[in-house]
Amino acid sequence: MGKSVFSLLFKRRFGPFFGTQFLGAFNDNVFRQGLILLIASGVVVGAEVNTLNNVALALFIVPFFLFSALAGQIADKFDRARLIRWIKFAEIVIMSCAALGFYFDAVYGLLVLLFFMGLQSTFFGPIKYSIIPQHLPNEELVRGNALVEMGTFLAILLGSVSGVMLKMGGNTPLVISTAVIGLAVLGFLCSLGIPKAPAADPGLRLNWNLWKETWHIVGYAREVKSVWMSVLGISWFWFLGAAYTTQLKVYVDDYLMGTEGLYALLLATFSIGIGLGSFFCEKASGKRVELGLVPLGSIGISVFGIDLFFSYASLNLSGQLSIAEFLQQPGGYRIMADLLGVGIFGGFYIVPLFAFVQHRSNPKHLARIIAANNILNALLMVASAAAGILLVGVLDLTVPQFFLALALANVVVALYIYTVVPEFLIRLLVWMLTNTIYRVKHKGLENIPEEGPCLLVCNHISYTDALLLAGAVRRPIRFVMAKPIYDMPLLNYIFRTGKTIPIASKEKHPDIYEQAFRRVREELADGQVVCIFPEGRLTPDGEVGEFKSGMEKIVKETPVPVVPMALSGLWGSFFSHKGGAALTRMPRRFWSRVKLAVGEPVAPEAVDAKAMRNAVVALRERP
């Protein structure tokens, strides 16, 4: 199991890139922690430690606002592998200067270098997420993003801990100076193994009006509503992550009365949770970009975030607590479980969003869309700091109350996003259906074209056929469905938001009939996948009925490839005629075995009702 998830690390198209970004994140945090501890040591006379820490944070974030627009353009215009090597070489130069800064305790010089580190991260960010879909096919996108998120948070954790260790215990500045240079050199060496990543838009003319270009790249992100909502969702995650990690130290010191060791333990728990969530997300997604996990992730974040407030109330504090003393408290393990849960469901939330942005965006604009996302991430991180100052510092909320406010705000944000783009909730329903009541085995899905219009034809066994097909096929499907089924309570909302096309008898409802075929023509002309159930009704006996001539009419008006599909294993289930569809009855069994077989595309001129029915029957009977 673990081998399949981590196998990408041993492939040249991913391994060197993973090592490069891991070492970069690791080095960033070694440097930042070393600087924080140097500032805390009081080497700068007459300056407030807290003021210098805030200045350090601002200097790291400011480049994202100023230069993300330029970074996105450059990442789309030039070979991304070559750009990474130049960026990693710049890191060696920056860290060489930083080594001198640490050796001579030059805090102000290190603050200037922190700005350049932020600048380096600004240019690396758009490349980091836009190069992944260049080297990985769609079925590996989630796995690649899961590994990157796992690696990033593990690097942040290890870098932070290492930064502390390298600056404590009497170590000389030479240790941390050697570390930051060594990590930069290792990162550059890893980057040499990254395969070529040709420019997405080599003819792009750079716009040096960065303010104007910033609004321009935000416009690219807004072109597709679902992509824009995903970008906002990612930025909201960074708001939450920054708020939790910023307040965690205060939470441990002032509310849990804990030691530095306890702070490290809880920070590690949160970071490891995100890594585990990313790992489990890859397993649960079934090698596809599964948006259904995003609502599940947001639900889990809020549930564990709310419980984090109540778990604090169960503590009985009396003086400073070591790790062992904290775990002996009634709510000690509960607080750890809550932070772990927030992290795990955070992984479920963030990985599919990144993969979806990469999958659904125009490849020519992807790096600029990522750059727009980085601007919003930085803005939301600043907003999270402002929210902490306002709620905790001005309105006198306790940190546990602040955590509760975050969890409740997450509910509001999630409801807004899922209301604007119902595709998230629909995918959650489909994911739950295909992971509880049914266990679907797929064969031949590669026969469905990756792009361009096509018509899917499938036998019709149950009321859930459309949902099962939507859960299996990686491309969005426009279903043509009998109007009585389309109008069913609850399912109607799902079908409407999924752009299902209702159809009725030509004799009884000629207007609905003609409107349906007009919609089909429009969707196919737009390059979409359309699916019809040519029997025109659910099977009354489990057999494949006669196919009506609707598909012949469709391909005659809009010649497109026709892909036969066959479902089996659903006859006798709760939602079939044999099983009975009364909502008052419980399903006869869970985890029913269902098979979906997909045949090779048929040219439009070779399509006729009888031949397509025979193809579907043959697929259903195929072992």
Side-chain angles (χ1 to χ4, degrees), residues 133 138 141 200-201 219-231 288-291 355-366 369 420-427 430 445-458 465-467 469-483 485-486 492-504 511-534 549-565 598 601-605 607 612:
N138 286 336
L141 269 185
D201 190 4
Y220 284 131
R222 293 173 64 93
E223 283 180 345
V224 180
K225 181 185 287 185
S226 53
V227 169
W228 175 241
M229 288 296 112
S230 297
V231 166
R288 57 173 291 145
V289 179
E290 183 50 80
L291 283 183
F356 181 76
V357 170
Q358 294 161 352
H359 176 68
R360 192 68 66 89
S361 298
N362 183 337
K364 287 188 175 182
H365 302 157
L366 178 56
I369 291 172
V420 174
V421 186
E423 185 178 357
F424 288 96
L425 289 177
I426 293 172
R427 296 302 313 176
V430 170
L445 285 177
E446 66 277 2
N447 290 325
I448 299 173
E450 285 288 332
E451 56 185 22
C454 68
L455 180 68
L456 310 180
V457 296
C458 188
D465 291 350
L467 295 177
L469 293 180
V473 179
R474 294 184 178 92
R475 295 180 61 185
I477 304 176
R478 309 295 189 245
F479 289 96
V480 180
M481 187 174 297
K483 197 164 189 310
I485 299 178
Y486 176 85
N492 177 253
Y493 170 76
I494 299 170
F495 295 145
R496 279 190 294 107
T497 53
K499 298 185 179 180
T500 297
I501 303 169
I503 193 169
D511 54 334
I512 298 177
Y513 178 85
E514 291 300 331
Q515 185 181 12
F517 280 95
R518 185 168 61 253
R519 283 276 312 279
V520 169
R521 288 194 301 271
E522 292 171 353
E523 294 292 351
L524 291 175
D526 192 40
Q528 301 297 330
V529 176
V530 175
C531 178
I532 64 171
F533 300 101
S549 59
M551 67 180 140
E552 294 171 291
K553 175 179 170 66
I554 291 172
V555 296
K556 184 178 180 180
E557 295 177 343
T558 313
V560 296
V562 180
V563 182
M565 308 174 72
V598 183
V602 177
E605 61 270 15
V607 171
M612 294 307 299

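Worth knowing before you read on, the calculation uses all heavy atoms, side chains too, and leaves out hydrogens, waters and symmetry mates. The model shown is predicted, which means the values in this text are computed figures rather than measured ones.
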Checking Arg496 against Tyr486 for the side chain to side chain contact (heavy atoms under 4.5 Å, CB included) test, could you report, in this order, the C-alpha distance in whole Å, the side-chain angles of both residues, the deciding distance, and whether it holds? CA-CA 8 Å; Arg496 279 190 294 107; Tyr486 176 85; 2.9 Å; yes

Spatial distance of atom OG1 (Thr500) from atom CZ (Arg478) [nearest 0.5 Å]: 9.0 Å

Between the side chain of Asn447 and the main-chain N/O of Val598, is any donor-acceptor distance below 3.5 Å? yes

Student check: side-chain heavy atoms of Lys499 and Gln528 closer than 4.5 Å: no

Does any non-hydrogen side-chain atom of Val530 lie less than 4.5 Å from one of Pro453? no

Residue pair Phe479, Leu456: steps toward the side chain to side chain contact (heavy atoms under 4.5 Å, CB included) verdict: CA-CA 9 Å; Phe479 289 96; Leu456 310 180; over 6 Å; no

Just how far is it from atom CG of Leu455 to atom CG of Leu524, taken to the nearest 0.5 Å? 6.5 Å

What's the spacing between Ser230 OG and Phe424 CZ if we round to 0.5 Å? 3.5 Å

Under 4.5 Å between any side-chain heavy atoms of Ser549 and Lys556, yes or no? no

Which of Ile554, Val555, Thr558 passes side chain to side chain contact (heavy atoms under 4.5 Å, CB included) with Pro604? It is Val555

Could you tell me the separation between the CD1 atom of Ile501 and the CD1 atom of Ile512, rounded to the nearest 0.5 Å? 13.5 Å

Side chain to side chain, Cys458 and Leu469, heavy atoms closer than 4.5 Å: yes

Of the non-hydrogen atoms in Met481 and Ala466, which two are nearest, and what is the gap between them? CE-CB, 3.7 Å

Under 3.5 Å: donor-acceptor pair, side chain of Asn362, backbone of Lys364: yes

Kindly indicate whether the side chain of Glu557, heavy atoms from C-beta on, has any atom under 4.5 Å from the side chain of Val520. no

When every non-hydrogen atom of Val607 is compared with those of Ala603, the smallest separation belongs to CG2-O, 3.5 Å

What are the two closest non-hydrogen atoms of Ser226 and Arg360, and how far apart are they? OG-NH1, 3.7 Å

Count the heavy atoms of every other residue, nucleotide or ligand shown that sit under 6.0 Å from NZ of Lys553, and state whether that count exceeds 12. yes

For a 4.5 angstrom cut-off between non-hydrogen side-chain atoms, does Met612 reach Pro534? no

Nearest non-hydrogen partners of Ile477 and Cys531, listed with the distance: CG2-CB, 3.5 Å

Whether Arg519 side chain and Val480 backbone form a donor-acceptor pair below 3.5 Å: no

Within this structure, what is the CD1-CD distance for the pair Ile369 and Gln358, rounded to the nearest 0.5 Å? 11.0 Å

Might you point out which heavy atoms bring Leu141 and Ala355 nearest each other, and give the distance in Å? CD1-O, 4.0 Å

